[in-house]
Amino acid sequence: MTYLQSLNDVQRQAVTHTNGPVMVIAGPGSGKTRVLTFRIAYLIEQGIPPQHILALTFTNKAAREMKERIAHVVGSKGDRVWAGTFHSIFARILRVEATKIDFPPAFTIYDRDDSKSLVTDIIKEMRLDTKQYNPSGVLARISSAKSNLITPELYAKNDDLVLYDRMNKRPQIYEIYERYYKRCKQAGAMDFDDLLLQMYRLLQENREDVRYKYQRIFQYVLVDEFQDTNYLQYAIIKLLTLYNGSPHNICIVGDDAQSIYSFRGATIENILKFEHDFPELVTYKLEQNYRSTEHIVQAANMVIQNNSKQIPKEIWTELGSGHKIKMIKAVSDVEEGRLVASTIIEYKNRLHLENKDIAILYRTNAQSRIFEEHLRKQNLSYRIFGGLSFYQRKEVKDILGYLRLTINERDDEAFKRIINTPKRGIGKTTTDQIAEMAVAQGVSMWAILTSGAYPAKGKLQSFVMMIESFRQKALDGNAYDVALKVAQESGIYEELRQDPSLEGISRLENANALLDGIKEFVENDNADEGTTDRSLAGYLANIALLTDSDEKTDEEPNYISLMTTHTAKGLEWKAVFVVGLEENLFPSYMSMGSPDQLDEERRLFYVSITRAKMFLALSYATSRYQFGQFRYNDPSRFLEEIDEQHFETTVERRGKFNMPEPKLLADRPSRKKDYEPRVSPADFKPSPSEQIAEGMEVLHLQFGRGKIIAIDGARENRVATIHFEDTDDQERRIMLRFAKLQIVE
DNA sequence: GGGGGCTATGGGGGG
DNA sequence: CATAGCCCCC
């Protein structure tokens, strides 16, 4: 057990305290993954059979890393540990137990697009307005209800929820939820939340035999990133660990300061409830940071102190004071891209860093483009994580749609996707009629075609026969055989081959890559991802839960990483650039309204800066193109929370913080959420910028009515000084090239 | 009834 | 800047 010697005292205690409830509060870089994996290895060495250990994580990457490191210590028997994401472990169990909760074993997993399209259909069927009942918003309500274990029946009976919806002029959400729930069930489909909700139902509802079975299997339960669990996830964990006679062998690991997923229902309440539910709990705090040098750690400590609620702890490091934080200021998003790219080149030369040592972290995916352009210009190789996943590309989803309908004939979302893809002359009118009949009769669209309810003649007949031939193939062939037949006979291959454009070629490559992936899956008997199910259904379940960051790449692994701050959690690099540090972007304008949400943005910033081992650079742009408009934002409040002793350069300061190009900014920082248009966009007709002159009265979408006091600069660079009476009587300087202004007659 | 092109609209983070 | 809805033509 030599590995135990590599741990510090607290880490070792957390590893070897195996019986009873344990909570490990693990600061950034404090060796959390080591503790988790060594704990599992230690359990196995103590004689606990690996198949009785359950380790739940939030990402596939974390699960994979854990499994690899367990295998490193205990060898191949580590493979039998139940280690995976909540969603993948539950999907695996649900597939085995599906019939007990009235789902087909080959149930479909609806992704976000499927869910959204179904919700949109339902809203339209109910003859409601899709603007008032914005599908994403409705889906968010449904998702949040599910995460809080509120079924459609409970939703309708819940006064708070119903009142809230009524106040928001969406009183029928409860009914949409009801219909949505029924339709998923009818389609033999589960959305991401259902993987949790149905798992709960499986264990809870009159299924004592099933519950006992899994309580017996999972004798030791570990939960990573516990601060990110929602009410429902904790409810499931309790069903597995909190019962009469339970040894309470549960270990939760997390850090309240790194809780960044409340938007998907995560609640810090779970930590408080955990202490209450398991009173004999023993807590260990990992406070020594082995990742970053002092300026970074202290800056992080300072930032997080501004949050009101937190478990007291002080992160410290022995790695020396290290380098100070670099501040990069740009006048525009484009300049920010250029400066970051040139700083990277300088770092590489001066500090001998490689691409793989460097990351650029941004708040929103939309920011990636500019950095991408500049890195390419400088011949720096990079990889963008997140964004459109491989499995979300059209050509890939089309093939997957056929495979889905092949194994689950009730999968209406797949049906709608492929009925006329590629074009085979079955149009909207026909599809709508089939869909309408299916809803009216409470059966699947496929059933409408095959029961004779809708005469399947000609093109429809051929479609039915084609799908049936795929089903036949699925019976006597493997997943790859079916996929190949689909690609060839559906017409997808043909269509892609006929597209000679670069984009078309790349789409054909994607289709081929998908087939290769399926082949690999079929041939790989080692069950590396904890899946022993090599069937088509097994394949589809597996990839439904993969994200972009899980994909393998052929490229040599020496690239600069670009990803969102959320995706970066759990990762580390020698040099980290956190970019776009502006009010309304980071913190996001969506979070400006509530202190709780601002605290979460701050935790996100805390997570971001603690990814850096040696070099941290923070950047912002005073103006950026956003939502089709040039906008001016103040530097992020988070920057002011770091003491200037931690910054590399002392710059001329304006108040606490220096603001470049002060002339382009309003007199005082305007930290207001006045992003509601002051002028109705429907009535707004921007005038050509050449026509705008001194003395005119103009309208601006955000700032409202104003008078042009002066114009200076020439041609493209004309800047108008405008006095807006609607917004705090402020004067703003706006570049006419970008501003959209309407002249008032 | 089906297909293609255009306009309008909305836009956060993820399994 | 991407997708949905709409209009017009076949």
Side-chain angles (χ1 to χ4, degrees), chain A residues 56-63 84-91 109-113 115-117 120-121 124 130-131 134-137 140 143 146-147 190-196 225 228-230 232-233 259-266 361-370 385-389 391-392 394 419-433 458-460 541-550 563-570 580 584-592 597 600-601 603-605 607-608 625-629 631 675 677 681-682:
Chain A
L56 296 168
T57 66
F58 275 84
T59 63
N60 296 301
K61 192 180 179 353
T85 64
F86 280 88
H87 291 85
S88 70
I89 297 276
F90 294 170
I109 297 173
Y110 273 177
D111 66 17
R112 220 187 137 76
D113 289 343
S115 298
K116 209 164 153 186
S117 132
T120 310
D121 284 353
K124 286 181 187 162
T130 49
K131 288 198 184 75
N134 160 274
S136 308
S143 171
K146 285 184 179 173
S147 305
M190 297 193 199
D191 66 17
F192 288 130
D193 300 309
D194 283 330
L195 292 174
L196 309 177
E225 309 278 14
D228 290 336
T229 53
N230 62 33
L232 175 53
Q233 283 162 323
S259 157
I260 55 173
Y261 282 108
S262 77
F263 70 89
R264 65 177 195 213
L361 309 181
Y362 35 77
R363 179 66 180 80
T364 67
N365 279 310
Q367 289 163 255
S368 68
R369 216 196 71 244
I370 285 176
F385 293 79
L388 247 204
S389 142
Y391 298 102
Q392 289 178 310
K394 185 188 179 301
I419 179 76
N420 199 32
T421 308
K423 300 268 184 299
R424 52 174 69 89
I426 304 171
K428 195 174 177 303
T429 316
T430 308
T431 314
D432 282 353
Q433 278 171 0
K459 296 162 187 165
L460 281 173
N542 204 30
I543 59 152
L545 301 171
L546 288 185
T547 56
D548 182 55
S549 350
D550 302 317
M563 65 184 76
T564 64
T565 46
H566 280 89
T567 309
K569 182 150 169 216
N584 296 316
L585 182 60
F586 198 175
S588 159
Y589 67 101
M590 308 280 285
S591 302
M592 294 299 221
Q597 287 186 53
E600 177 147 315
E601 295 282 326
R603 290 192 293 268
L604 186 56
F605 182 59
V607 168
S608 309
Y625 202 67
Q626 218 177 352
F627 305 136
Q629 262 193 323
R631 309 192 112 143
Y675 276 78

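Worth saying up front: this structure is predicted, and the values here are computed from it rather than measured. The sequence lines fix the lettering, A, B, ..., with proteins before strands; numbering per chain opens at 1.
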- prompt: Checking N420(A) side chain against G425(A) main chain: does a donor-acceptor pair fall under 3.5 Å?
  reply: yes
Output all residues satisfying side-chain contact (heavy atoms from CB on, under 4.5 Å) with [X], sequence neighbours left out; order by chain, then residue number.
{"X": "T430(A)", "value": "I426(A), I434(A), Y454(A), L460(A)"}
{"X": "A568(A)", "value": "L361(A), M563(A), W573(A), R611(A)"}
{"X": "K394(A)", "value": "D398(A), R417(A), T421(A), R507(A)"}

To the nearest 0.5 Å, tell me how far [X] [atom1] sits from [Y] [atom2].
{"X": "R603(A)", "Y": "T565(A)", "atom1": "CZ", "atom2": "OG1", "answer": "13.0 Å"}
{"X": "Q233(A)", "Y": "D228(A)", "atom1": "CD", "atom2": "CG", "answer": "9.0 Å"}
{"X": "I419(A)", "Y": "T431(A)", "atom1": "CD1", "atom2": "OG1", "answer": "6.0 Å"}

With B for base contact, S for sugar-phosphate-only contact and - for none (protein heavy atoms under 4.0 Å), nucleotides 4-14 of chain B reads S-----SBBBB
Practice task
Over 60° means perpendicular and under 30° means parallel, so classify the ring planes of H566(A) and Y261(A), tilted if in between.
Solution key: tilted
Using the ring of each side chain (for Trp, its six-membered ring), is F586(A) parallel, tilted or perpendicular to F605(A), with breaks at 30° and 60°?
perpendicular
Closest to the 5' end of DNA chain B, once A544(A) and R424(A) are matched to their nearest nucleotides, is R424(A)
Whichever of T429(A) and T85(A) has the more 5' nearest nucleotide on DNA chain B, that residue is T429(A)
Dump the pairs, protein N or O against N or O of nucleotides 5-10 of chain C, anything under 3.5 Å, distances to one decimal.
| unit_1 | atom_1 | unit_2 | atom_2 | d |
| --- | --- | --- | --- | --- |
| dG5(C) | OP1 | K124(A) | NZ | 2.5 |

Listing for DNA chain B: consecutive Watson-Crick or G-U pair runs of at least 3, distance cutoff 3.5 Å, ranges ordered by first number, gives B:1-10 with C:1-10
